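It should be emphasised that the depicted structure is a prediction, and the values quoted were computed from it without experimental measurement.
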2 protein chains.
Amino acid sequence: MKNEIAEILKRNQLSVTDSRQKILELFRHSNSALAHADIEKQTSEQFDRVTIYRTLQTFVEKGIVHTIPTTDNSVLYALCKDNCSEGHHHDDHVHFICDDCGTTYCLEHITIPKVEVPQGFITKQTDVVVSGQCDKCS
Amino acid sequence: MKNEIAEILKRNQLSVTDSRQKILELFRHSNSALAHADIEKQTSEQFDRVTIYRTLQTFVEKGIVHTIPTTDNSVLYALCKDNCSEGHHHDDHVHFICDDCGTTYCLEHITIPKVEVPQGFITKQTDVVVSGQCDKCS
DNA sequence: TAAATGATTGCAACTTTGTTGCAAAATAAA
DNA sequence: TTTATTTTGCAACAAAGTTGCAATCATTTA
């Protein structure tokens, strides 16, 4: 378990530190996306705010975690499933935000539809965020 | 021209003030989405930061403007085309963010595809954000 | 296994972004 | 024109995020 987490870090050429292990564990045990504030709370302020910012940034750069677009100004992070390669995210799944409980899910099994763009535009990534009620709140 | 803008404000039961007219004009003359900072710059700091925040908030509430989800933590605003009714946005179009120049476009003519969600989930809104290169940068 | 190297952390200070209360000013109504 | 209501700008604050730097920790090498 703990070894598996250390493995992921090593595979991404990251040194294995307490904060990285703990934060990565949080993501693996959560079935929803996490905000910076969630992580700060759930680690019971064991780590400095700055460390959490930097860890998340590193994880995004390494393709361990991806950010989820939201209409409000909050930033959400979620595990990339098949461990995207550095700078090459290919998390082609839909995100679902529940209006009631606020939970954000990665709907891994629903693939992003192809979206047409006008002449001259080139698509590199397509993000789909669905909002409404999740199965627990409906 | 100016009258048309005043009309929109009156139609939405808003009193016609300098800041509201000027900011609404900015949106109408821009073919892309605007961030709070853009507006602050483009009004050459004629209005207080707070006024701009409050004006944008009011416009969103009235359905004159809508927010666009982004992967970074920035909030973008764009004109609602057919002047959504209060609280009832129905801007079912795709948003495109150019990775090179950073411009965000509302692709008015491209409709959002229907996205399946798992059993028990209820869809209320679907946001699609495509990123890549726009026609000017490709 | 211990010392040396290099990366990461925590702290402090700071910037940027967004919010709130309130008096003054502007708009709309009478 | 006067009155009532709304909006604005200021000040002060709160939250979110960033940067430099010394101390600490992880990894490498001998």
Side-chain angles (χ1 to χ4, degrees), chain A residues 2-3 5-26 33-62 64-65 67-77 86 102 104, chain B residues 2-3 5-26 33-62 64-65 67-77 86 102 104:
Chain A
K2 201 109 188 190
N3 283 347
I5 282 169
E7 276 311 310
I8 296 173
L9 292 173
K10 277 177 192 157
R11 197 187 312 144
N12 287 281
Q13 294 132 6
L14 292 174
S15 43
V16 180
T17 66
D18 283 357
S19 51
R20 284 177 183 161
Q21 286 187 102
K22 189 71 200 287
I23 292 173
L24 193 44
E25 223 176 308
L26 271 187
L34 299 173
H36 176 273
D38 296 327
I39 295 167
E40 211 171 328
K41 272 174 223 147
Q42 290 194 47
T43 53
S44 51
E45 278 131 51
Q46 192 184 344
F47 309 111
D48 194 85
R49 254 159 27 86
V50 180
T51 303
I52 297 172
Y53 278 119
R54 290 199 267 228
T55 304
L56 287 171
Q57 200 178 296
T58 306
F59 283 2
V60 170
E61 278 162 13
K62 290 292 182 181
I64 299 171
V65 144
T67 54
I68 299 172
T70 56
T71 0
D72 63 343
N73 63 329
S74 67
V75 197
L76 291 174
Y77 301 87
E86 194 157 343
T104 299
Chain B
K2 200 110 187 189
N3 284 346
I5 282 169
E7 276 311 310
I8 296 172
L9 292 174
K10 277 177 192 158
R11 197 187 311 144
N12 287 281
Q13 294 132 6
L14 293 174
S15 42
V16 180
T17 66
D18 283 359
S19 51
R20 284 177 184 162
Q21 286 188 102
K22 190 71 199 288
I23 292 172
L24 193 45
E25 223 176 307
L26 272 187
L34 299 173
H36 176 274
D38 296 327
I39 295 167
E40 210 170 329
K41 272 174 223 148
Q42 289 194 47
T43 54
S44 52
E45 279 132 49
Q46 193 183 343
F47 308 112
D48 194 87
R49 256 158 27 85
V50 180
T51 303
I52 298 172
Y53 278 118
R54 289 198 268 227
T55 304
L56 287 170
Q57 201 178 297
T58 306
F59 283 1
V60 170
E61 278 162 13
K62 289 293 183 180
I64 298 171
V65 145
T67 55
I68 300 172
T70 57
T71 1
D72 63 344
N73 65 327
S74 67
V75 197
L76 291 175
Y77 301 87
E86 194 157 343
T104 299

Quiz item: Could you give the distance from NZ (Lys41(B)) to CG (Leu34(B)), rounded to the nearest 0.5 Å?
Solution: 11.0 Å
Exercise. Evaluate the side-chain proximity of Ile8(A) to Arg11(A): yes if any heavy-atom separation is below 4.5 Å, no if none is.
Key: yes
Quiz prompt | side-chain contact (heavy atoms from CB on, under 4.5 Å) partners of Thr17(A), counting only residues at least two apart | solution = Ser15(A), Ser19(A), Arg20(A)
Quiz item: So which of Leu76(A), Leu56(A), Val60(A) actually passes side chain to side chain contact (heavy atoms under 4.5 Å, CB included) with Thr67(A)?
Solution: Val60(A)
Quiz item: What pairs with Gln57(B) under side-chain contact (heavy atoms from CB on, under 4.5 Å), at least two apart in sequence or on another chain?
Solution: Glu61(B)
Quiz item: Which distance, rounded to the nearest 0.5 Å, do you find between the CG of Asp18(B) and the OG1 of Thr43(B)?
Solution: 12.0 Å
Quiz item: Do Tyr77(A) and Thr104(A) come close enough that some side-chain heavy atom pair is under 4.5 Å?
Solution: no
Exercise. Under the side-chain contact (heavy atoms from CB on, under 4.5 Å) rule, collect the residues that match up with Val50(B), sequence neighbours excluded.
Key: Asp48(B), Arg54(B)
Exercise. Determine whether Leu9(A) and Gln21(A) make a side-chain contact, defined as any pair of heavy atoms from C-beta on separated by less than 4.5 Å.
Key: yes
Quiz item: Quick one: CD1 on Ile64(B) to CD1 on Ile23(B), what's the gap to the nearest 0.5 Å?
Solution: 11.0 Å
Practice problem: Between protein and nucleotides 25-30 of chain D, map the contacts as a letter string: B base, S sugar-phosphate only, - none, heavy atoms under 4.0 Å, written 5' to 3'. | Solution: -SS---
Self-check item: Counterpart residues, side chain to side chain donor-acceptor pair (under 3.5 Å), relative to Ser74(A) (two or more places apart)
Solution: Thr70(A), Asp72(A)
Quiz prompt | Any Thr51(B) side-chain N or O less than 4.0 Å from OP1/OP2 of dG9(D) | solution = yes
Quiz prompt | End-to-end axis angle, where each axis spans five pairs of the helix from dT1(C)-dA30(D) to dA30(C)-dT1(D), to 10° | solution = 40°
Exercise. Summarise protein proximity over nucleotides 13-19 of chain D in one line of letters, 5' to 3': B for base, S for sugar-phosphate only, - for none, counting protein heavy atoms closer than 4.0 Å.
Key: ---SBBB
Practice problem: Measure the distance from CG on Leu56(B) to P on dT8(D) and round it to the nearest whole Å. | Solution: 11 Å
Exercise. For DNA chain C, note the earliest and the latest nucleotide, 5' to 3', having some atom under 4.0 Å of a heavy atom belonging to chain B.
Key: dT17(C) to dA28(C)
Quiz item: Quick one: are Phe47(B) and Ile39(B) in side-chain contact, heavy atoms under 4.5 Å?
Solution: no
Self-check item: Side-chain heavy atoms of Ile52(B) within contact of His36(B), under 4.5 Å
Solution: yes
